[in-house]
Colleague: 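Please find one structure pasted underneath; my questions will follow.
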Amino acid sequence: MAFINDQYLELQDSYLFSTIAKKVNEYVAAHPDKKIIRMGIGDVTRPLVPAVLKAMHDAVDEMGQKETFKGYGPEQGYSFLHDAVQSYYKSHGVDLSSDEIFISDGAKSDVGNITDIFGNENIVMIPDPVYPVYVDTNIMAGRDIVYLDSNAINNFCPMPPTDDEIAPDLIYLCSPNNPTGSVYNKEQLTAWVNYANENSAVILYDAAYECFINDASLPKSIYEIQGAKECAIEFCSLSKTAGFTGTRCGYTIVPKALTAFSVDGDAVSLNKLWLRRQTTKFNGVPYIIQKGAAAVFTEEGQKQIKENIDYYMKNARTIAATMDECGITYYGGDNSPYIWLECPNNMKSWDFFDYLLNEIAVVGTPGAGFGSNGEGYFRLTAFGDADNTVEAMERFKTLYKK
Ligand SMILES: Cc1ncc(COP(=O)(O)O)c(C=O)c1O
């Protein structure tokens, strides 16, 4: 008789995007002539840039020649991409060695898979609201989760607990944050790094949106903070940075200075464990994709992706300016592609969703879908088409402009 991992039965069904899709489909069926503008799901709309396309085309040609064909590659990624990521980190003052960089097929897989190398007895701290993958992957492993309130009082940048009774071993932080758009500054991140080092905890730092940070005083990487290499793993992605949501490539940094304890009390290198995990369960990212990824970090690639990032950030400014004009409180939108707004007139998230859909045919994401503290909030994304974003915000003003 085969048994399942019973922890899967503990997972809540993920209704968020399926419910949104169902409601939108019903609306479309009832109003076939109305133009819906989608500002909900966090996928990008700008295509891959020319530098990436050229590198991938060249790599395809290499694969067709006996002399340049590539079979299995190194599980942790090719050295040319390590070098590119290393130089990128160097450009914001972080020195990494090549074997601290692990190329992945995106941040989602690694954020989930990293749980493999940690014992199930760890207590996990996760902010609420949050990117749902952190919660679900730890439920699958059967770990105890303590939630950290992220709310208007702490500007959606929750700080380390002061209550000694709460002693997390693993701490998830995401900055710039999905869904709230908030970004930790250096002082705040220093407090987290000190807290983790003092309590022998490990921070799992999701920097998937680092490329949207404009303000040079804000950290793009947790390793800009002294002491972070002793307590943090960082996850990064080219999905939003360079339109790789369908192409799939990211990277995870596991510093060699980082350790956690065995049951016998020995300090064990997490870098070694992660290498062991990856070489056992992962066979690397395709050569063609890694070539495209490396092109993102060239001078030309950086210039081209910046145009796309600027395009999205212009959308973010359009949305933020509309909220200002309408007197609606919001977070994010300046160093993040997400605008997290307080639903007007104390509306609940799903009521506001229905209202926007029915009144102006604009689709966003109800904050309640990201955790209980998301109730009463709503997420709009800047990843849409610029003309549609302008049109959506004109429609929005018809409801709320004073
Ligand atoms: C906070 C956060 N981390 C990770 C991911 C996943 O990124 P990837 O496409 O690299 O798997 C997302 C995607 O939306 C995200 O919002």
Side-chain angles (χ1 to χ4, degrees), residues 14 16-17 20 38-46 48 52 77 81 85 88 101-115 126-138 148 150 156-158 171-184 203-213 219-222 232-253 278 282 284-286 289-290 292-293 296 305 308-309 312 316 331-333 335-340 364-365 367 369-371 374 379-384:
S14 173
L16 181 62
F17 291 108
I20 291 174
R38 293 167 205 267
M39 302 177 75
I41 296 175
D43 203 351
V44 292
T45 51
R46 307 290 298 159
L48 295 174
V52 169
L81 186 49
V85 172
Y88 180 65
I101 302 165
F102 294 81
I103 305 304
S104 70
D105 60 355
K108 185 180 189 175
S109 332
D110 276 14
V111 162
N113 293 334
I114 201 78
T115 60
I126 304 182
D128 168 5
V130 83
Y131 176 56
V133 172
Y134 314 149
V135 174
D136 285 352
T137 52
N138 279 290
L148 180 66
S150 172
F156 292 96
C157 282
I171 300 161
Y172 284 82
L173 298 178
C174 176
S175 176
N177 192 273
N178 177 15
T180 68
S182 58
V183 185
Y184 280 117
I203 296 175
L204 300 169
Y205 192 75
D206 189 339
Y209 297 94
E210 56 79 24
C211 70
F212 295 95
I213 295 178
K220 280 174 166 276
S221 161
I222 194 165
I233 293 175
E234 180 163 290
F235 304 92
C236 231
S237 167
L238 294 182
S239 282
K240 312 297 158 69
T241 305
F244 272 56
T245 49
T247 306
R248 310 303 305 148
C249 196
Y251 44 96
T252 295
I253 312 300
Q278 290 298 81
F282 184 57
V285 175
I289 305 294
Q290 291 194 56
V296 169
I305 62 158
N308 286 347
I309 293 166
Y312 294 136
Y331 302 82
N335 293 286
S336 149
Y338 293 122
I339 285 86
W340 180 247
T365 314
F370 298 100
R379 191 191 74 175
L380 291 176
T381 91
F383 290 126

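Counting starts at 1 for both ligands and their atoms, in listed order. These values consider heavy atoms only, across backbone and side chains, with no hydrogens, waters or symmetry-generated copies.
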Colleague: Where do Thr115 and Gly112 come nearest, in terms of heavy atoms and distance?
Modeller: OG1-O, 2.8 Å

Colleague: Taking Tyr312 for the side chain and Arg46 for the main chain, is one N or O donor matched with an acceptor at less than 3.5 Å?
Modeller: yes

Colleague: Could you check ligand 1 for N or O atoms lying under 3.5 Å from protein N or O atoms and list the pairs with distances?
Modeller:
{"residue": "ligand 1", "atom": "3 (N)", "partner": "Asp206", "partner atom": "OD1", "Å": "3.4"}
{"residue": "ligand 1", "atom": "3 (N)", "partner": "Asp206", "partner atom": "OD2", "Å": "2.6"}
{"residue": "ligand 1", "atom": "9 (O)", "partner": "Ser239", "partner atom": "OG", "Å": "2.6"}
{"residue": "ligand 1", "atom": "9 (O)", "partner": "Arg248", "partner atom": "NH1", "Å": "2.9"}
{"residue": "ligand 1", "atom": "10 (O)", "partner": "Ala107", "partner atom": "N", "Å": "2.7"}
{"residue": "ligand 1", "atom": "10 (O)", "partner": "Ser237", "partner atom": "OG", "Å": "2.6"}
{"residue": "ligand 1", "atom": "10 (O)", "partner": "Ser239", "partner atom": "OG", "Å": "3.3"}
{"residue": "ligand 1", "atom": "11 (O)", "partner": "Ala107", "partner atom": "N", "Å": "3.3"}
{"residue": "ligand 1", "atom": "11 (O)", "partner": "Lys108", "partner atom": "N", "Å": "2.9"}
{"residue": "ligand 1", "atom": "11 (O)", "partner": "Arg248", "partner atom": "NH2", "Å": "2.7"}
{"residue": "ligand 1", "atom": "14 (O)", "partner": "Tyr209", "partner atom": "OH", "Å": "3.3"}
{"residue": "ligand 1", "atom": "14 (O)", "partner": "Lys240", "partner atom": "NZ", "Å": "3.0"}
{"residue": "ligand 1", "atom": "16 (O)", "partner": "Asn178", "partner atom": "ND2", "Å": "2.7"}
{"residue": "ligand 1", "atom": "16 (O)", "partner": "Tyr209", "partner atom": "OH", "Å": "2.6"}

Colleague: For Phe282 and Ile103, which heavy atoms make the closest approach, and how far apart are they?
Modeller: CE2-O, 3.7 Å

Colleague: Using the benzene-type ring in the case of Trp, are the ring centres of Tyr209 and Tyr338 under 6.0 Å apart?
Modeller: yes

Colleague: Whether the side chain of Thr365 engages the backbone of Gly40 through a donor-acceptor N/O pair (distance < 3.5 Å, no angle test) should be reported.
Modeller: yes

Colleague: Donor-acceptor pair, distance only, cut-off 3.5 Å: does the side chain of Asn177 make one with the backbone of Cys174?
Modeller: yes

